[in-house]
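These notes concern the structure reproduced below.
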Amino acid sequence: MSFEGCAPGELEGYGPIDPEIAAMLAGHAASFTRILTHPESGVVLSVGRDSYRPPAGLRKWVVTRDRACRHPGCNRPASKAEIDHTIPWASGGKTTHGNLSAFCKRHHMFKTEGFWHYRQPEPGLILAASLAGKTYTTLPEPPF
């Protein structure tokens, strides 16, 4: 098997490894975690259904994107928020930037208890529906 022109692998806690070593290690691995990264920045965008908890890089990406709790009108900082699956993990939701958003503890509880319902038709676009049937659209605040 030829690995010419292949990008090196990365071994967590060690660093870059050449493709031959990566292939050898993969051949003996008991399991894998699929990780989707941004092609330019390398930021983790998705770990699919392999992990309920978002890895640190994905959590940081969501916090940076959202900047504040995504409930309409809430301005609690995303850095102190809980990262929540829009489609719940238990219902088949994936751990991906398009299914995660930041909610303060209070609004996360409102979602969990069914007082508010949220959809994320595209990454970062949140549609929030109240029990009264009113729908609000929230977008992340621009950084500048």
Please round to the nearest 0.5 Å and tell me the distance separating atom [atom1] of [X] and atom [atom2] of [Y].
| X | Y | atom1 | atom2 | answer |
| --- | --- | --- | --- | --- |
| Arg65 | Lys60 | CZ | NZ | 15.5 Å |
| Thr138 | Leu127 | OG1 | CG | 8.0 Å |
| Cys104 | His71 | SG | NE2 | 8.0 Å |

Exercise. Just checking, is any N or O donor in the side chain of Ser101 or Arg70 under 3.5 Å from an acceptor N or O on the other one?
Worked result: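 Looking only at side-chain atoms, Arg70 and Ser101 do not form any donor-acceptor pair under 3.5 Å.
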Identify, with sequence neighbours excluded, every residue that meets side chain to side chain donor-acceptor pair (under 3.5 Å) alongside [X].
| X | value |
| --- | --- |
| Asp84 | His108, Lys111 |
| Lys105 | Glu82 |
| His107 | none |

Please name the pair of heavy atoms, one in [X] and one in [Y], separated by the smallest distance, quoted to 0.1 Å.
| X | Y | answer |
| --- | --- | --- |
| Thr135 | Ala129 | OG1-CB, 4.0 Å |
| Arg59 | Ile83 | CG-CG1, 3.6 Å |
| Asp66 | Pro140 | CA-CB, 4.2 Å |
| His85 | Ile87 | CB-O, 3.3 Å |

For this session: Examine Phe110 and Ile126 and state if one hydrophobic cluster contains both, with Ile, Leu, Val, Met, Phe, Trp and Tyr joined whenever side-chain heavy atoms are less than 4.5 Å apart.
Result: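 Shared cluster, yes.
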Exercise. Are Trp116 and Met109 grouped together when hydrophobic residues (ILVMFWY) are joined by side-chain heavy atoms under 4.5 angstrom apart?
Worked result: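 In one cluster: yes.
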Problem set entry | With sequence neighbours excluded, residues passing side-chain contact (heavy atoms from CB on, under 4.5 Å) with Glu122 |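 Here the qualifying residues are Leu125.
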For this session: Applying side-chain contact (heavy atoms from CB on, under 4.5 Å), name anything that partners Ser79, two or more places apart in sequence or on another chain.
Result: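 Ser79 satisfies side-chain contact (heavy atoms from CB on, under 4.5 Å) with Val63, Pro77 once adjacent residues are dropped.
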Exercise. Does the separation of the ring centres of Tyr118 and Phe103 fall below 6.0 angstrom?
Worked result: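 Between Tyr118 and Phe103, the centre distance is under 6.0 Å.
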Can you tell if the side chain of [X] reaches within under 4.5 Å of the side chain of [Y], non-hydrogen atoms only?
| X | Y | result |
| --- | --- | --- |
| Leu100 | Pro54 | yes |
| Cys74 | Arg106 | no |
| Thr95 | Trp89 | yes |

